[in-house]
Number of protein chains: 2
Amino acid sequence: MTPDQLLQGLLHGTAPVQRRAMAKSITLLESTRADHRALADELLTAMLPHTGQSFRLGISGVPGVGKSTFIEALGLYLIGQGHRVAVLAVDPSSTVSGGSILGDKTRMEHLSVHPQAYIRPSPSSGTLGGVAEKTRESMLVCEAAGYDVVIVETVGVGQSETAVANMSDMFVLLQLPNAGDDLQAIKKGVMEIADLVVINKADIDAIAATRAQLQITSALQLLGMHASSGHMHGDDSVWHPKVVQISALLNQGVDTFWAAVSEFKAIQNKNGRFGIRRQQQALSWMWERIDAGLKQNFRAQLRVQSLLPQLSQQVGAGQLAASTAARQLLSAYQAQS
Amino acid sequence: MTPDQLLQGLLHGTAPVQRRAMAKSITLLESTRADHRALADELLTAMLPHTGQSFRLGISGVPGVGKSTFIEALGLYLIGQGHRVAVLAVDPSSTVSGGSILGDKTRMEHLSVHPQAYIRPSPSSGTLGGVAEKTRESMLVCEAAGYDVVIVETVGVGQSETAVANMSDMFVLLQLPNAGDDLQAIKKGVMEIADLVVINKADIDAIAATRAQLQITSALQLLGMHASSGHMHGDDSVWHPKVVQISALLNQGVDTFWAAVSEFKAIQNKNGRFGIRRQQQALSWMWERIDAGLKQNFRAQLRVQSLLPQLSQQVGAGQLAASTAARQLLSAYQAQS
């Protein structure tokens, strides 16, 4: 199908035609073949005016925190409210493991078969940057097809959380009612990028859940105080990260969660940060792809490839200054290209 | 002076000749002029066989933690033990402020006038990467001149701590006896890169200092347990970060501190990590300079400069996909260069 046929399928297709167009569009965008890349750019440009109208919700949490159960409960709740829900995943480990999340749609058995839901596992294209780029583009496909809530799920390990936060309007961190966990989240810098922290499985131990809520709330205040002290004094048009308790298994608290999300959306729209965040995300995405492309071209160049092993060896052995080696490689690169 | 004359001054000069050669070498290495850069590379390469024998100690802490007092006490203690001590600084803010640390040598009034000490303020060359590169090269000059302990100081803000940790054999974090601080340090990811945490000003409140020591010790254990759980079980040839209390003002605990440093050195030498760390640092320094050079060349290219404003504007406004803009800019760059 041509990019235009794909776009027509996305925008105006009947349910089965639309689903097929989505799958084909995402496959095209994920392709690394040069001729596909040109078609993919054509599709992206044609699609763009029809994107951006969804709410992009990033959700993270360590394995075992109950992400699938939560997303299934949330997705069904939202469909009940008249929304159409897409679920994407960012899992850089999927190249190796075949996908630790969402590889198996049966994990969300009711949501995955619902006609108003679209679930897609993580692309397995290697680097985190590559996986993130493909997921961002898949998000645009879902938006063109009229999904108005796009959930991007990631595992709570490594830098995938930052990548997902950088493509989300709101980033939510799922935690267990366990005191030790918040230190881990702070350590990885994920607590400070969370707009909302959800304590899941609150049913298991109500006392622990409440203690965790208090601890994380005070940690968020302490982090926020230092990070943006200017906003702490009386500016109620600014969102302050909060902590809510839920039990996805018992289907309790999903409405509370969505009320917090709606409050966040309203505040971010009112103070203009919703648009600013998207603008910054788009520009930093552009620079990220430029940097990745520059590095890739550099490493692929024959002259660099022929010099690199020996210079690296000399630098590692302390026989050549790192900055001298860098200058030699850069001028070799510039001379050839 | 030629690179060879500078090197002779560094290696064999009398005290005043050597100091002059150090200052001139560092000035040459800091110069951005292309002809200087070639001479600087010549000097670096000639110097390299005479470098690497010092112990490189990174020290960080927020303003007010007492870094200068601590470094003065430590420096004088080490000179008393027969060492020669150089003190460098990494302060990326110095471009703007004229230097918030070490701009004023009188902050270490006894150490700064000692013939066995060499103190140099932060270079003010703009970006953190640039400042860090110059400081790494100054470190080599100090080593060629026979300084066997090189202390690199940085302020506890921003990413300068990571930069200093990446050029140190051991990275030390100074903390106040204040419970809230450890959360900040964890947040910034600095606690987990610290090989040793020093609670300074322990004389002010002995109870608070001991409480802080316990808290930080347990935080370090929790961070370390997850970061490298393989090393936590009985492998006593691996260093485990510790916490010591001192009072630099009362000159108490400097010997305890140095004993911990010596223990660290012995363990790192025995298990081979001392050399591995230096090798990794040199290679990552090389790649850092390559990446910085690639970006700089890209942004300096005329065709990129002429396309960038309009494409950035379109990406920010959601009219052009970020990855499409990145591909357009990269192919424009490749086409011209």
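Order of the sequence lines fixes the chain letters, A, B, ..., with proteins taken first and strands second; residue numbering starts at 1 for each chain.
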Do you know which two heavy atoms are closest between [X] and [Y], and how far apart they sit?
X	Y	value
Met286(A)	Ala322(B)	N-CB, 3.7 Å
Gln334(A)	Tyr333(B)	NE2-OH, 3.7 Å
Gly129(B)	Glu288(B)	CA-OE2, 4.5 Å
Arg289(A)	Gly130(A)	NH1-N, 4.1 Å
Ser54(A)	Arg278(A)	O-NH2, 2.7 Å
Val150(B)	Cys142(B)	CG2-CB, 4.2 Å

Close side-chain approach of [X] and [Y], heavy atoms under 4.5 Å:
X	Y	value
Val243(A)	Gln175(A)	no
Pro123(B)	Thr135(B)	yes
Gln159(A)	Leu128(A)	yes
Asn166(A)	Thr162(A)	yes
Leu10(B)	Met22(B)	yes
Ser331(A)	Arg327(A)	no
Leu173(A)	Glu161(A)	yes

Once salt bridge (Lys or Arg N to Asp or Glu O under 4.0 Å) is applied, what residue pairs with a partner in residues 306-319 of chain A remain, sequence neighbours excluded?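 Listed by first then second residue: nothing to list.
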Inter-chain contacts: residues 42-51 of chain A against chain B, heavy atoms under 4.5 Å: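 So the qualifying residues are Leu44(A), Thr45(A), Leu48(A).
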Interface residues of residues 309-316 of chain A facing chain B - heavy atom cut-off under 4.5 Å: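 Residues of residues 309-316 of chain A touching chain B at under 4.5 Å: Ser312(A), Val315(A), Gly316(A).
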Just so I understand: if I count every heavy-atom pair under 4.5 Å between each of Ala40(A), Ala282(A), Ala317(A) and chain B, which residue has the most?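 The residue among Ala40(A), Ala282(A), Ala317(A) with the greatest pair count is Ala282(A).
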Greatest number of heavy atom pairs closer than 4.5 Å to chain B - which of Gly275(A), Gly52(A), Ser284(A), Ala326(A):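 Between Gly275(A), Gly52(A), Ser284(A), Ala326(A), the count favours Ala326(A).
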What residues of residues 291-300 of chain B sit under 4.5 Å from chain A when only non-hydrogen atoms are counted?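 Within residues 291-300 of chain B, near chain A: Asp291(B), Gly293(B), Leu294(B), Lys295(B), Asn297(B), Phe298(B), Arg299(B).
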Counting only non-hydrogen atoms closer than 4.5 Å, does [X] touch chain B with its backbone (N, CA, C, O), its side chain (CB onward), both, or neither?
X	answer
Glu137(A)	side chain
Arg136(A)	neither
Leu29(A)	neither

Once you round to the nearest 0.5 Å, how far does CE of Met167(A) lie from CD of Gln281(A)?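 The distance works out to 9.0 Å.
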Measuring from atom CZ of Arg56(A) to atom CD of Gln53(A), what distance do you get when rounded to the nearest 0.5 angstrom?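 Going from the CZ atom of Arg56(A) to the CD atom of Gln53(A) covers 8.5 Å.
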With chain A, which of Ile290(B), Leu329(B), Leu320(B) has the greatest number of heavy-atom pairs at distances under 4.5 Å?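 Looking at each of Ile290(B), Leu329(B), Leu320(B) in turn, Ile290(B) comes out on top.
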